[in-house]
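Because only heavy atoms are used, hydrogens play no part in the values below, and waters and symmetry mates are left out as well, while side chains stay in. Numbers restart at 1 for each chain; the letters A, B, ... are given by sequence-line order, proteins then strands.
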Amino acid sequence: MNKFRTHNCSELTEKDIGKNIRLSGWIHRKRDHGNLLFLDIRDHFGITQCVIENKDKNFKILEKLKPESVILVAGDVVKRSKDTENKELKTGLIEVAIKNIEILSEASELPMPVFGEQEYPEDIRLKYRFIDLRRKEMHENIQLRSKILSFIRKKMLENNFLEFQTPILTASSPEGARDFLVPSRLHPGKFYALPQAPQQFKQMVMISGFDRYFQIAPCFRDEDGRADRSPGEHYQLDMEMAFVEQDDVFKVVEPIFYDLFIKFGKGKKVNKHPFPRITYKESLEKYGTDKPDLRNPIELVDVTKIFESDDVKLKIFKEIIRKKGIAKAIPVKNTSSKPRSFFDNLNNWAIAEGASGMAYITFEKSKNKIIGKGPISKFFSEKAILELIKTCKISEQDSIFFVCNEATEAIKFSGIARQKIGEELKLIDNTNFSFCWIIDYPMYQYDEKEKKIDFSHNPFSMPQINIKDFDKSDPLKILAYQYDLVCNGYELSSGAIRNHIPEYLFKVFNKVGYSKSMVEKNFSGMIKALSYGAPPHGGMAPGIDRIVMLLADKKNIREVTLFPMNQNAEDLLMEAPSEVTEKQLKELNIKIIKK
RNA sequence: GGGGGUGUAGCUCAGUUGGUUAGAGCGAUCGCCUGUCACGCGAUAGGUCGAGGGUUCGAGUCCCUUCACUCCCGCCA
């Protein structure tokens with residue numbers, strides 16, 4: 001028999017009345033009546049109320065013992081009288097009359113209580129993560145994460161994916177995020193890098209003749225954190241398939257995500273697959289972002305032409321448009337009766353966001369004519385008003401916000417404003433998971449800072465044009481078989497059909513200024529591998545942390561991570577990063593340059 | 001690297017136009033209490049008001065600098 005317990009803390013019921021049992025767990029809560037003491041004993045499974053009277057030799061000891069101390073309780077299961085039952089508790093019909101105890105581990109005074117749902121500062125939670133994780137909500141989030149991982153594994157295996165592990169110490173590569181470097185003792189002056197993702201390895205796996213691969217892979221990127229992005233490290237469901245086109249990947253992934261979100265989504269609806277496919281271009285036009293929240297019904301409309309025409313006399317906009325700017329309309333249904341403050345507040349919000357403000361127009365029907373209202377309405381002719389209403393597909397019940405700026409800025413800000421207005425008007429239905437694919441990403445983009453063409457996404461993606469036509473095409477017009485999976489405004493995954501033809505890879509890299517020899521040098525393993533018979537292949541890598549975050553209905557990734565780092569990429573519990581000894585440095589041939 | 005927010009007891013927070021000795025709840029300690037389940041009641045301890053500087057007769061409160069945390073921008077193929 002187990003030394004510590006005969007039952008766990010959620011097991012005992014009326015069936016066990018009269019049994020002599022042992023429980024072990026944390027003192028969750030004490031209620032001290034002076035001559036009678038109630039102890040809620042908690043373990044991973046639940047809570048059981050234990051009771052002891054002052055006649056008992058252990059009474060004084062238990063009375064003094066601090067919450068969160070771990071004890072072993074031996075005693076009898078007794079029925080609670082009707083009026084003292086606790087229906088909230090699974091074990092609430094019984095209690096344990098304490099006969100004997102053993103203190104297994106005594107707790108000091110707590111920096112934060114486990115009991116209750118109070119919020120606590122995050123640095124304290126991270127420093128004492130082991131206490132934070134005892135709290136109900138965190139404990140459940142982490143269990144959810146475990147269940148999600150198991151489910152994903154099961155689904156992947158059912159779909160004939162094999163789970164492999166790939167190296168953690170690998171080579172630094174020039175593109176992408178900043179690498180974490182690990183000095184090599186055996187090779188002074190040389191470094192390993194932690195993988196930003198197992199990208200090259202998974203392609204090698206395909207080239208090695210395995211048909212489908214997956215891994216719940218740690219990815220290391222030395223970049224700054226966000227609420228939905230851990231600094232330092234995160235996990236991806238890395239997957240790759242041989243002999244597939246884009247649609248084959250979608251067909252495998254869609255049911256897995258649908259089932260996953262139905263199973264763990266706490267009753268929320270999930271849109272049926274196939275998920276909508278939205279081109280990158282269309283997504284920017286309609287939603288102002290490549291990760292649209294489709295629960296928000298607002299769609300942006302380009303109204304540059306209307307502001308350009310002589311029917312609108314708004315000089316500021318005309319001037320911006322003359323300098324190649326664009327005007328975006330944000331049509332919002334049923335808002336014409338909103339008070340002035342609604343529009344003013346959004347205008348103030350826009351200014352606080354760094355925009356010059358947000359113009360708006362409302363409408364009114366007067367003698368069968370629709371006329372514009374609001375500060376800028378006087379600049380519109382009757383014809384322009386009608387044209388606006390027609391272009392934006394709205395009625396006089398609705399209103400329109402305008403964003404006018406240089407194209408990239410205008411798109412970006414109208415997207416942010418779309419989301420803000422949607423939230424403000426509570427248009428976003430939080431009982432939905434709304435998935436879509438964003439497809440047809442451009443292969444390249446123009447880097448304004450560096451004044452040169454650069455990759456817009458993954459350089460290993462396959463361009464959508466034939467290799468023969470590549471050189472004569474405008475690089476900025478070339479699309480790639482590159483796609484993102486988006487849910488509720490979060491980018492859950494990137495993926496691509498890979499470029500498995502070395503000659504084509506050289507061409508692709510050449511456009512951003514990489515010579516053949518540079519590519520051969522930087523991606524030697526990859527080029528070598530592709531030169532001895534490589535299957536066409538593709539895949540993707542959904543972010544595990546974000547999936548769990550969505551399913552746990554949290555806005556912060558640290559709520560679903562066991563031991564996360566803070567925003568400064570510090571582990572407050574383990575105190576990483578830390579200084580190391582001179583001896584360690586010497587062995588690694590490293591000298592610290594003090595700033 | 002840049003911008004916003006926050007910082008008062010172990011924790012959550014209040015603190016008026018600058019004005020006496022900075023408060024409450026939870027927690028802690030001590031005492032009382034035999035049916036609670038957020039037990040109750042009483043008392044006690046606990047503060048460099050994040051730090052430094054300035055303005056002022058007087059600063060938790062105003063100004064400057066700085067630090068920590070957080071959110072965002074940059075960055076994250």
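- Base pairing of B:G18 is not made with any nucleotide, judged by Watson-Crick or G-U wobble geometry with both donor-acceptor distances under 3.5 Å.
- Nucleotide B:C75 has no partner under the Watson-Crick or G-U criteria, as no pair reaches both atom distances under 3.5 Å.
- For the P atoms, the distance linking B:U66 with B:U20 amounts to 32 Å, nearest Å.
- When rounded to the nearest whole Å, the span between CG of A:Asn566 and P of B:A68 equals 11 Å.
- Within the 3.5 Å criterion, the main-chain N or O of A:Thr84 finds a donor-acceptor partner in the side chain of A:Arg80.
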Base versus backbone protein contacts along nucleotides 1-12 of chain B [heavy-atom cut-off under 4.0 Å; B, S, -]: B--------SSS
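- Remark: C1' of B:A77 and CD of A:Gln203 are 13 Å apart, rounded to the nearest angstrom.
- In this structure, CZ of A:Arg226 is placed 7 Å from C1' of B:G74, rounded to the nearest angstrom.
- Looking at A:Arg229, its side chain comes within 3.5 Å of the base of B:C76 through a donor and an acceptor atom.
- Residue A:Lys66 places at least one side-chain N or O under 4.0 Å from the OP1 or OP2 atom of B:U29.
- Nearer to the 5' terminus of RNA chain B, by closest-nucleotide assignment, is the contact made by A:Leu572 (compared with the other of A:Leu572 and A:Ala177).
- A salt bridge does not link A:Glu503 to A:Lys507: none of the charged nitrogens lies less than 4.0 Å from a carboxylate oxygen.
- Residues passing the side chain to side chain donor-acceptor pair (under 3.5 Å) test with A:Asn345: none are found, sequence neighbours excluded.
- Look at CG on A:Asp179: it is 12 Å from P on B:C76, rounded to the nearest Å.
- The 5' end of RNA chain B is approached more closely, in terms of each residue's nearest nucleotide, by A:Pro67 than by the other of A:Pro67 and A:Asp32.
- Residue A:Leu36 places its side chain closer to B:G35 than to any other of B:G35, B:C75, B:C69.
- Between the side chain of A:Asp123 and the base of B:C69 there is no donor-acceptor pair of N/O atoms closer than 3.5 Å.
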CA sep, side-chain torsions, deciding dist, call: A:Glu68, A:Arg134, salt bridge (charged side-chain N to carboxylate O under 4.0 Å, His left out): CA-CA 10 Å; A:Glu68 293 307 307; A:Arg134 289 178 200 166; 2.9 Å; yes
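- When the P atom is compared between B:A59 and B:C63, the two are found 16 Å apart, to the nearest whole Å.
- Among B:A77, B:U70, B:G27, the nucleotide with an atom closest to any side-chain atom of A:Gln199 is B:A77.
- Between B:G27 and B:G10, the two C1' atoms lie 7 Å apart (nearest whole Å).
- Look at A:Lys66 and A:Glu106 and you find no salt bridge, because none of the NZ, NE, NH1 or NH2 atoms lies under 4.0 Å from a carboxylate O.
- A donor-acceptor contact under 3.5 angstrom links the side chains of A:Glu406 and A:Thr408, judged on distance only.
- Nucleotides B:C49 and B:G23 place their P atoms 14 Å apart, quoted to the nearest Å.
- Nucleotides B:C71 and B:G25 place their C1' atoms 29 Å apart, quoted to the nearest Å.
- Within 3.5 Å, no donor on the side chain of A:Arg29 pairs with an acceptor on the base of B:C39, nor the reverse.
- Residue-to-nucleotide contacts include no donor-acceptor pair under 3.5 Å from the side chain of A:Glu53 to the base of B:G35.
- Residue contacts for A:Phe115: at a heavy-atom cut-off of 4.0 Å it reaches the sugar-phosphate backbone alone, with no base atom in range.
- Atom P of nucleotide B:C72 and atom CD1 of A:Ile416 are separated by 12 Å, given to the nearest angstrom.
- Salt-bridge formation is not detected for the pair A:Asp545/A:Arg229: no Lys NZ or Arg NE/NH1/NH2 atom is positioned less than 4.0 Å from an Asp or Glu carboxylate oxygen.
- Side-chain proximity of A:Thr84 to B:U70, B:A68, B:C37: nearest is B:C37.
- Put simply, CZ on A:Phe38 is 7 Å from P on B:U36, counting in whole angstrom units.
- Among the atoms of the strands shown, only primed sugar atoms or phosphate atoms (P, OP1, OP2) are found under 4.0 Å from some heavy atom of A:Asn556.
- Of all nucleotides present, only B:C32 satisfies the Watson-Crick or G-U wobble test against B:G40, with each distance under 3.5 Å.
- Of the possible donor and acceptor atoms, none in the side chain of A:Thr561 sits under 3.5 Å from a partner among the backbone N and O of A:Phe563.
- As rounded to the nearest Å, B:C57 and B:G52 have P atoms that lie 23 Å from one another.
- Separation of the C1' atoms belonging to B:A14 and B:C26 is 15 Å when rounded to the nearest angstrom.
- Ring geometry for A:Tyr441 against A:Tyr280 counts as tilted: the plane angle lies between 30° and 60°, on a 0 to 90° scale.
- In this structure, A:Glu95 atom CD and B:U36 atom C1' are separated by 10 Å, rounded to whole Å.
- Among the heavy atoms of the strands lying under 4.0 Å from A:Asn568 are primed sugar atoms or P, OP1, OP2 only; no base atom is included.
- In this structure, A:His33 forms no aromatic stack with the base of B:U36, since the conditions of centre separation below 5.5 Å and plane angle below 30° are not both met.
- Out of B:U36, B:C30, B:C76, the shortest distance to the side chain of A:Lys64 is found at B:C30.
- Using N1 to N3 plus N6-O4 or O6-N4 for Watson-Crick, or N1-O2 and O6-N3 for G-U wobble, each under 3.5 Å, B:G25 pairs with B:C11.
- Within the structure, every side-chain polar atom (N or O) of A:Gln196 is placed at least 4.0 Å from both OP1 and OP2 of B:C76.
- Base engagement by A:Lys55 is indicated by at least one non-hydrogen atom pair under 4.0 Å involving a base atom.
- Here the side chain of A:Arg558 is nearest to one of B:U70, B:G31, B:C75, namely B:U70.
- Look at B:U6: its Watson-Crick or wobble partner, with both distances under 3.5 angstrom, is B:A68.
- Checking the phosphate oxygens (OP1, OP2) of B:C39, a side-chain nitrogen or oxygen of A:Arg31 falls inside 4.0 Å.
- Under a cutoff of 6.0 Å and an axis angle of 45°, A:Arg29 and A:Phe115 form a cation-pi pair.
- For B:U36, the base has a donor-acceptor partner in the side chain of A:Arg80 [N/O atoms by modelled type, under 3.5 angstrom].
- With salt bridges taken as basic N to acidic carboxylate O contacts below 4.0 Å, one links A:Glu240 and A:Lys202.
- Among the atoms of the strands shown, only primed sugar atoms or phosphate atoms (P, OP1, OP2) are found under 4.0 Å from some heavy atom of A:Glu122.
- If you take CD of A:Glu570 and P of B:C67, they are 14 Å apart, rounded to a whole angstrom.
- Remark: the separation of the P atoms in B:G4 and B:C39 is 44 Å, to the nearest Å.
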